[in-house]
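Just so you know, ligand 1 is whichever comes first in the structure, and atom 1 is the first atom listed for that ligand.
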Amino acid sequence: MDDTRGMNDPQETMSEAAFLAQLRAAFSQMPNDIPIYMFVSRERDNIFAQTNRQIVRIFRELTSKITFREYPLDHDLARKWNVTHSPTLLIAPDRYAIRWLGAPMGEEGRTFLETMMMVGMGKSHLNEESKTVLNKIDSPRAVKIFVSPTCPYCPQQALNGIQAAIERPDLISLEIVDIQANPGLADQYSAHSVPQTFANEVLIGMGAQSQELFCASLKKLEPQSVFIPEVDAELVENDVVIVGGGPAGLTAGIYAVRSGLKTAIIERDALGGQVATTPIVENYTGFSQVGGKNLVDIMVSHALQYTQIFQGEAVLDITPGNPMAVQTSRRRFHTRAVLLATGATHKHLGVPGETRFAGKGVSYCSTCDGPLFVGKKVIMVGGGNSAVTEALHLHHMGVKVTLVHRRDALRAQDVLVGHLKSAGIPILWNTEVKEIQGKKSVEAVLLINNQTGKTTTLPVKGVFLAIGYQPAVDLAQKIGVELTAEGYIRHDRHRTNVPGVYSAGDVEGGYKQIVTASGQGAESAMAIFEDLINPYWQTRKEL
Ligand SMILES: Cc1cc2nc3c(=O)[nH]c(=O)nc-3n(C[C@H](O)[C@H](O)[C@H](O)COP(=O)(O)OP(=O)(O)OC[C@H]3O[C@@H](n4cnc5c(N)ncnc54)[C@H](O)[C@@H]3O)c2cc1C
């Protein structure tokens with residue numbers, strides 16, 4: 001998704017009835033029918049097949065353009081379309097090669113809706129850059145994207161696949177594979193983290209990609225990490241560009257627009273930043289307990305009432321000056337101020353096997369990848385709030401989790417430690433991971449007790465890591481922003497040493513909480529407002 005334009009009237013929130021009416025109207029404008037076929041084996045009429053029936057029924061109540069037919073897996077049509085998994089949904093199979101293995105549950109519901117809309121319109125809505133790349137593909141691409149219903153990064157990648165399959169139906173076919181419904185297939189591809197994307201059986205993407213990077217990876221049949229946009233990319237004039245759509249960036253967006261500043265938030269991955277993958281939040285004022293993704297949805301809806309958000313777009317470069325130039329993977333901005341709210345990214349353990357088995361049993365996101373390990377033994381490495389929260393999440397999901405901590409006491413808050421004890425999650429104290437072992441995917445970990453020196457091999461299917469976060473300061477460093485000795489952005493009431501460049505949230509260090517990041521976002525936006533009226537970097541003489 002790109003350019004999610006906000007409404008200007010803060011009072012204007014859309015009720016469910018208004019939303020459904022808008023969907024009905026949108027479907028009625030569509031030129032194309034949307035035939036859906038479901039194939040189910042006679043033995044496996046399970047929760048996934050039932051969910052598909054329910055989801056399609058809800059959409060069919062909105063439009064007669066959607067038709068639904070169901071067939072057994074041994075039907076002639078299954079042979080004609082080469083359907084082998086149950087349940088499988090085929091969408092407009094005479095026009096496109098798009099299929100869902102499993103059901104579009106949870107986060108994927110949104111993707112399914114967008115698929116219906118694009119198939120109905122017969123348009124991919126890809127930008128020109130991406131279309132140019134796809135049009136250069138000259139041989140078939142069979143794409144598989146592994147997703148889970150709880151993964152906030154998956155809809156973006158699934159959407160990339162759908163857009164590509166709609167844009168080039170002659171050469172691109174797509175299977176979206178729900179790992180919960182198809183654990184065997186996920187095992188076969190060693191796809192133990194989501195989203196994971198294969199084309200012609202080659203891994204082309206680990207995690208969500210921008211649409212341009214996805215298209216470039218699909219064309220080259222190898223993962224691409226840089227996409228250089230054309231020089232004549234769209235130019236947008238702004239007062240403030242906020243880099244990062246976590247709590248700091250979203251809050252800053254609200255405050256900046258309320259101060260009368262034309263503002264845009266640019267987010268590379270999932271909106272909400274770290275909160276998008278936080279299972280449960282219990283310390284954000286006003287919510288005694290709220291799912292991280294729910295909190296993000298509330299924050300994003302609020303921010304959208306004021307500010308533009310450009311999602312799935314990375315900020316690649318910033319050229320200080322007046323105005324400053326901000327180059328993203330899709331367009332250029334000229335702006336008077338830049339707020340760096342780039343947050344933090346997870347740390348690596350740095351042991352043998354960690355890189356090799358990333359996505360093949362090594363995971364940094366229990367919310368995303370937990371469903372694949374239900375009933376299996378895993379370890380969670382770490383001893384802080386994140387590790388304990390995520391261990392609890394895995395435990396409640398039905399994963400057999402053991403906490404591995406290098407010290408003899410946890411650093412997590414007492415309330416979380418209490419939950420951990422009540423859940424009876426085993427803890428290996430004074431223990432460090434020396435090596436992650438396996439053939440195609442994780443099979444065991446080599447552990448060492450740092451007090452006794454004794455090593456043990458523990459058979460596990462997964463290694464979840466929550467050993468801390470490091471500030472995302474690459475951009476800051478690139479433009480000469482000074483850092484503290486600990487590597488965070490050095491600032492004076494959110495003003496960095498580079499004129500016009502500000503900071504907020506985890507990237508500044510400090511307490512690293514949602515409520516503090518939000519507060520810093522608000523303060524930073526107010527500092528920007530003050531300075532744009534009275535720039536602090538100009539001397540009185542210059543003024
Ligand atoms: C598992 C877990 C559990 C947690 N639990 C809690 C809790 O219970 N309570 C609590 O208060 N806090 C919790 N936290 C901490 C909290 O989530 C963070 O403090 C907060 O999200 C920081 O917000 P932020 O906006 O500064 O950064 P982030 O949330 O890290 O967001 C930064 C955003 O910037 C984006 N970005 C970075 N570089 C670029 C670029 N070049 N272009 C575009 N976008 C970019 C990133 O993709 C990211 O989305 C938890 C964190 C984790 C990981």
For ligand 1, the portion of [X] having any non-hydrogen atom under 4.0 Å away:
| X | result |
| --- | --- |
| I514 | both |
| A341 | backbone |
| A270 | backbone |
| E390 | side chain |
| P279 | neither |

Please confirm whether [X] approaches ligand 1 to less than 4.0 Å, judged on its heavy atoms.
| X | value |
| --- | --- |
| N385 | no |
| Y469 | yes |
| G292 | no |
| A314 | yes |
| T389 | no |

To check you understand the geometry: which heavy-atom pair defines the closest contact between M397 and V374, and what is its length?
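Shortest heavy-atom separation between M397 and V374 comes out as O-CG2, 3.7 Å.
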Ligand 1 and [X], any nitrogen or oxygen pair closer than 3.5 angstrom?
| X | result |
| --- | --- |
| E282 | no |
| P247 | yes |
| N283 | yes |
| Q513 | yes |
| S386 | no |
| Q274 | yes |
| A472 | no |

Taking 4.0 angstrom as the limit and counting only heavy atoms of [X], give me the atoms of ligand 1 inside it, by number and element.
| X | answer |
| --- | --- |
| A344 | 30 (O) |
| G505 | 26 (O) |
| V275 | 17 (O), 21 (O) |
| L475 | 41 (N) |
| A517 | 22 (C), 23 (O), 26 (O) |
| I266 | 43 (C), 44 (N) |

Specify whether H494 and H491 have parallel, tilted or perpendicular ring planes, treating 30° as the upper limit for parallel and 60° as the lower limit for perpendicular.
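Parallel, since the angle between the ring planes stays under 30°.
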Which label fits Y469 and H346: parallel for a plane angle under 30°, tilted from 30 to 60°, or perpendicular past 60°?
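The rings of Y469 and H346 stand perpendicular, inter-plane angle above 60°.
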Around atom [atom1] of [X], are there more than 12 heavy atoms of other residues, nucleotides or ligands at under 6.0 Å?
| X | atom1 | result |
| --- | --- | --- |
| K376 | NZ | yes |
| K262 | NZ | yes |
| Y511 | OH | no |

With side chains defined as the heavy atoms from C-beta onward, is the minimum distance between [X] and [Y] less than 4.5 Å?
| X | Y | value |
| --- | --- | --- |
| H192 | S363 | no |
| E282 | H419 | yes |
| T319 | Q327 | no |
| R493 | E523 | no |

Taking it one step at a time, do E222 and I204 satisfy side chain to side chain contact (heavy atoms under 4.5 Å, CB included)?
CA-CA 5 Å; E222 62 181 48; I204 62 157; 5.8 Å; no
Show every ring-ring contact (aromatic ring centres under 6.0 Å, His included) that has at least one partner inside residues 372-393, sequence neighbours left out.
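Listed once each, the pairs are F373-F464.
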Name the closest protein heavy atom to [atom], giving the residue it belongs to and the distance to 0.1 Å.
| atom | result |
| --- | --- |
| atom 49 (O) of ligand 1 | E267 OE1, 2.7 Å |
| atom 27 (O) of ligand 1 | G343 CA, 3.2 Å |
| atom 15 (C) of ligand 1 | K512 O, 3.7 Å |
| atom 26 (O) of ligand 1 | D506 N, 2.8 Å |
| atom 42 (N) of ligand 1 | V315 N, 2.9 Å |
| atom 36 (N) of ligand 1 | R268 NH2, 3.9 Å |
| atom 25 (O) of ligand 1 | A248 N, 3.0 Å |
| atom 34 (O) of ligand 1 | G244 CA, 3.2 Å |

Under 4.0 Å between a Lys/Arg side-chain N and an Asp/Glu carboxylate O for E129 and R330?
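Looking at R330 together with E129, the answer is no, because their closest N to O distance does not fall below 4.0 Å.
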Is a side-chain donor or acceptor of T328 paired with a backbone partner of V315 at a separation under 3.5 angstrom?
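Not a single qualifying donor-acceptor pair exists.
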Ignoring hydrogens and angles, state whether a donor on the side chain of E508 or S503 is under 3.5 Å from an acceptor on the partner side chain.
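A donor-acceptor contact under 3.5 Å links the two side chains.
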Regarding Q196 and S193, is there a side-chain donor-to-acceptor distance under 3.5 Å anywhere?
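Side-chain D/A pair, Q196 to S193: present.
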Run the numbers on D474 and K478 for salt bridge (charged side-chain N to carboxylate O under 4.0 Å, His left out), then give the verdict.
CA-CA 6 Å; D474 297 4; K478 211 169 163 184; over 6 Å; no
Pair V417-K421, side chain to side chain contact (heavy atoms under 4.5 Å, CB included): steps then yes or no
CA-CA 6 Å; V417 176; K421 282 186 184 148; 4.1 Å; yes
From atom 5 (N) of ligand 1, work out which of D317, I265, T278 has a heavy atom at the shortest distance.
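Among D317, I265, T278, the closest heavy atom to atom 5 (N) of ligand 1 belongs to T278.
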